[in-house]
Every structure is written in C-alpha cells, then in structure tokens.
Student: 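Structure incoming, see below.
Predicted model only: the values in this text are computed from it and were never measured. Residue numbers begin at 1 in each chain, while the letters A, B, ... track the order of the sequences.
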There are 2 protein chains.
Amino acid sequence: MATVSSLTYDDLGSAAQRDRRRRILDATMALAARGGFDAVQMRAVAEQADVALGTLYRYFPSKIHLLVSALARQFEETQVSLGRKPIPGDTPADRVAFVLARATRGLQKEPNTTEALTRAFMFADSSVAGEIHVVGLQLTAMLNRALKGADYVEGAEPTEEELAVARVISDVWLAALVSWVTGRLSAQEVTDHLDTAVRLLLR
Amino acid sequence: MATVSSLTYDDLGSAAQRDRRRRILDATMALAARGGFDAVQMRAVAEQADVALGTLYRYFPSKIHLLVSALARQFEETQVSLGRKPIPGDTPADRVAFVLARATRGLQKEPNTTEALTRAFMFADSSVAGEIHVVGLQLTAMLNRALKGADYVEGAEPTEEELAVARVISDVWLAALVSWVTGRLSAQEVTDHLDTAVRLLLR
DNA sequence: GGTAAAACTGCAACGTGTTTCTATTATGCC
DNA sequence: GGCATAATAGAAACACGTTGCAGTTTTACC
C-alpha cells in the first residue's frame, strides 16, 4: 500500500505548473458543483483544465487524491476567510456551534460539491493518508480556534481535554455530513445533531 | 436517485434462493477477508458463489449493496451472540466501553474484511438507504442495550438524551473505524479514542 | 403432466478509472 | 545557441463495475 501523493502547491517549481494545478482543481470543483462525484470524470477534468490525461495523473495519482486535494484547498480558503475576524460567542460551546453552523450553511449551498468531496474523503484509502492529514489538521485548528475564542494564539498547545472534545465534534460532523449527503439527514437535522453533541460535550 | 434494494432473506421464497443468497454473502466475506474491498470483484463473487453474474446483480444491485448487506448480516450475528448474556459493567459507561472494545477487537482480527465493509458503508449513496438503515438500527439497538444494562427491555423507548448519546458514540466509532482502516489510527488509539468519548459523554 | 412466468446461465458489450507508450515541447545548464 | 532532461500531449489499451440479451432451467399453477 504505497503512499503516493499529489503534487502540492509548494512542490511545483514553475508558474506554469502552479497554474496547471490551479486549473485542474478549478475544473474539478466546477464539475463537482454541476454533477457531484460521478460528474468528476478524469477525462472531463483533463479536458476542462486543458491538460492531457497523463498530466492530470502526474499531478494527482487518482480521482480520490484529486478530490481530497480539492477539499484541502477549499478548507484553506475557508480558514483564511474565517481567520479575519474573531469568532462570535461567549462560551466555547457558542463559538463552536457558530463555526459549525456557518460551515454547514456553506456546504448546503453547493450540495453536489459537498457530496463529491465528502464521498471522496470517506472512500479514501491509506494511499491518500498525506492529503487527508492536511485536511485533518485544518479541521482541528479550526475547532481549536473556536474553543479557545479570543484566548487563541497560533501554535498554542490545546489541553488533552480540549483536543478530545474537538476530535469528537469533528467525528460527529463528519458522520452528519455523510448522512446528509446520502439523504439520511436533512440540513436542519445536521445542525440540530451538531448542537446536541456540542451541548453534551461542553457542559 | 431511485432507491433500489437488495433481496433480503425474508424476500426469498424458495430454499434454493435463500441458499444462493447465503452463498453470495459467504463468497463476499471470503474474498473480503483475503484482499479487502478491491478483492471483492463482482465476477469473482459470482464465480465463487457458483452463480451467474446477472443473478448476482439480481440479488444485489451493486457492489456497495452487496457489501453493506454483508455488513448487516455480520451485525445480526454479532447481535445474537451478544444477546445471550447480560453485558458486564456497573455503569452505562463501563458497559458501552465493554461492547465497543469487544467489537473493535473483532474487527481487528479481520482487517481486510473490516476495510471492505467500512469503505462500502462510507461510500454508499442514497440508493443504499434501505440497507444502511438496517445497519443503523442494529447499531443503535446494541448501544441502547449497553446503556441500559439489566434495565433493558426489548422495544423500550430510550430517552431523548440516551438516543443522542448513542448517536454521538456511533458517530465517533464510525469515524474511528475509518481512521483505522486508512492507517491513521492504531487499534489501541481507536479504543482509547472511544473510551475518551464515552467518558466525556457519560459523566 | 403441461404450460406460462419467473429465475438463471453464459457471454458480449459499454463506461470510466487507470496505465502505458511514443512523439513533442518546455526547462535548465554550459 | 545547443544539448540533456523532464514535462506534456495524444491516444491506445486494460480492468472492473454494470448492463443487456438469447437461450435454458426452475417454479407455480391448473
């Protein structure tokens, strides 16, 4: 089970290569938005990104790598935009609920995209460990910022307990997302579900 | 997204058909045990079950339906064997931890099988809703029995709170399972992770 | 036992992810 | 500028999930 990995932004030397990578991820997101996981077909991505199929595979060794990398890029952008203002809410529970509600709203707006990215994330095997790790770090960082609120400082070690709480919440979030994507939960139920979990954990 | 469904045991009239179904699921588990998700190839399942490919698809409309149905059957058996004795432990937390630890141990023994079933479960889309619902019910029932202990009676309504706790725990379990399958968590970490979540929730 | 319907077999074919290969183009170095 | 190397294009081929179909067998019913 070799760990193959996608070419990250930093790996790429030339501007042309970074641009190719960007075009590929853009095409991936566009196709995902239109038709979800099934619509993200490698030939279609290559064509829309104006890149040969072989090149696409050089940048992302599988469809799953591609989609998880797209998820990671998306998360980065969310992080940046979320980082501009302090998170509203007086208690950790309020702030976490705020962040989750906001994220959930964002996902609802593009249900096909969410379906594509979520299913790829859940289907990933160990060869995608690197890409998944990136996403995991981002998620943890986001939740930690919410838990700590104004006390948050970059790189500060969370306590054991905070870490555990953040982990459970992201687990619940992931499970809820999967349920929503497969039509087992409505958007409202996802939010309720998350609120309940936060309430149970942060009391 | 039509909801197609697998033929359940009860659907099948004749003994020959029930036997075909059993052979198919046996073949599925055997192949899964040997090589995981990728080794469960529809042609191979059909051949090993001594059934034509078309027949296999008549019983299970997709590979995912097939694997999730195999998971459901597995769960049923676990339920039955678990139902024979009261669950040890004086507190809900102890009993839940016991059940989870036991289940986790069981999964470790057949990592390839676990990988196959877990990935199918996570990849399932809404057409598999029926099969997934069955698994969900079994999981919920199991956790409720553990929460209630000796007070458990068949069909008793759990409280809102109990339900919420059980749901969060199964979410954490699922997420842990996915992490284990993809090599992000060791078996020990899965157990620890679950214990921590139980401790946070049942205090 | 005969017959219509349903189930099953065997096999070919299609779609999409993935691999492979050759020719062409871009890049870095002297 | 010229050359070695790497990157890319283009296209064919392979693998496996899935579908379709003609012929055969089993089942249900009278």
Side-chain angles (χ1 to χ4, degrees), chain A residues 1-2 4-8 11-24 27-28 31-32 34-70 116 119-120 123-125 127-128, chain B residues 1-2 4-8 11-24 27-28 31-32 34-70 116 119-120 123-125 127-128:
Chain A
M1 196 101 67
V4 288
S5 76
S6 316
L7 268 43
T8 66
D11 290 338
L12 296 168
S14 81
Q17 286 178 316
R18 280 195 290 272
D19 196 59
R20 266 192 206 93
R21 188 189 139 95
R22 185 191 53 70
R23 290 203 312 273
I24 290 172
T28 302
L31 288 164
R34 178 176 299 271
F37 186 88
D38 290 341
V40 180
Q41 301 187 358
M42 300 304 270
R43 290 171 178 84
V45 171
E47 187 177 358
Q48 181 150 342
D50 202 24
V51 143
L53 189 56
T55 305
L56 172 53
Y57 273 93
R58 222 170 116 34
Y59 279 68
F60 302 96
S62 80
K63 174 169 172 171
I64 302 295
H65 284 82
L66 172 61
L67 281 165
V68 175
S69 299
R119 291 183 70 201
F123 192 61
D125 67 12
S127 75
V128 199
Chain B
M1 195 102 65
V4 289
S5 75
S6 316
L7 296 171
T8 66
D11 290 338
L12 296 168
S14 79
Q17 285 178 318
R18 280 196 289 273
D19 196 60
R20 265 192 208 94
R21 188 188 138 95
R22 184 192 54 71
R23 290 204 310 273
I24 290 172
T28 302
L31 288 165
R34 178 175 299 273
F37 186 88
D38 290 342
V40 180
Q41 301 188 357
M42 299 305 270
R43 291 173 178 84
V45 171
E47 187 178 358
Q48 181 150 344
D50 200 25
V51 143
L53 189 57
T55 303
L56 172 54
Y57 273 94
R58 226 173 110 42
Y59 280 68
F60 301 96
S62 78
K63 172 169 173 172
I64 302 295
H65 284 83
L66 172 61
L67 282 165
V68 176
S69 299
R119 289 182 69 200
F123 192 62
D125 66 11
S127 75
V128 199

Student: What does nucleotides 12-30 of chain C look like as a protein-contact string, B for base, S for sugar-phosphate only, - for none, at under 4.0 angstrom between heavy atoms?
Tutor: -B--BBBB-----------
Student: Excluding sequence neighbours, so at least two apart, what forms ring-ring contact (aromatic ring centres under 6.0 Å, His included) with A:F123?
Tutor: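 ring-ring contact (aromatic ring centres under 6.0 Å, His included) check on A:F123 returns B:F37, B:F123.
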Student: Please list, chain by chain and in numerical order, all residues satisfying side chain to side chain donor-acceptor pair (under 3.5 Å) with B:S69, sequence neighbours excluded.
Tutor: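 B:S6.
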Student: Atom CD of B:E47 and atom P of C:dT9: how far apart are they, to the nearest Å?
Tutor: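 Going from CD in B:E47 over to P in C:dT9 covers 13 Å.
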Student: First contact, last contact: which nucleotides of DNA chain D are these for chain A, 5' to 3', heavy-atom distance under 4.0 Å?
Tutor: D:dA7 to D:dA13
Student: Whole-Å distance between C:dT9 P and B:L56 CG?
Tutor: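 Atom CG in B:L56 sits about 10 Å away from atom P in C:dT9.
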Student: What residues, two or more places apart in sequence or in another chain, satisfy side-chain contact (heavy atoms from CB on, under 4.5 Å) together with B:Q48?
Tutor: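 Applying side-chain contact (heavy atoms from CB on, under 4.5 Å) to B:Q48 gives B:A27, B:A30, B:L31.
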Student: If the helix axis at each end comes from five base pairs, how far does the helix from C:dG1-D:dC30 to C:dC30-D:dG1 deviate from straight, to 10°?
Tutor: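 Here the helix ends are tilted 30° relative to one another.
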Student: What residues form a side-chain contact (heavy atoms from CB on, under 4.5 Å) with B:A124, not counting sequence neighbours?
Tutor: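 B:I64, B:V128, B:I132.
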Student: Using the salt bridge (charged side-chain N to carboxylate O under 4.0 Å, His left out) criterion, which residues pair with B:D19? Sequence neighbours excluded.
Tutor: B:R22, B:R23
Student: Who are the side-chain contact (heavy atoms from CB on, under 4.5 Å) partners of A:A39, not counting sequence neighbours?
Tutor: none
Student: Under the rule for side chain to side chain donor-acceptor pair (under 3.5 Å), what residues qualify as partners of A:T55, not counting sequence neighbours?
Tutor: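 With sequence neighbours excluded, A:T55 shows a side chain to side chain donor-acceptor pair (under 3.5 Å) to no residue whatsoever.
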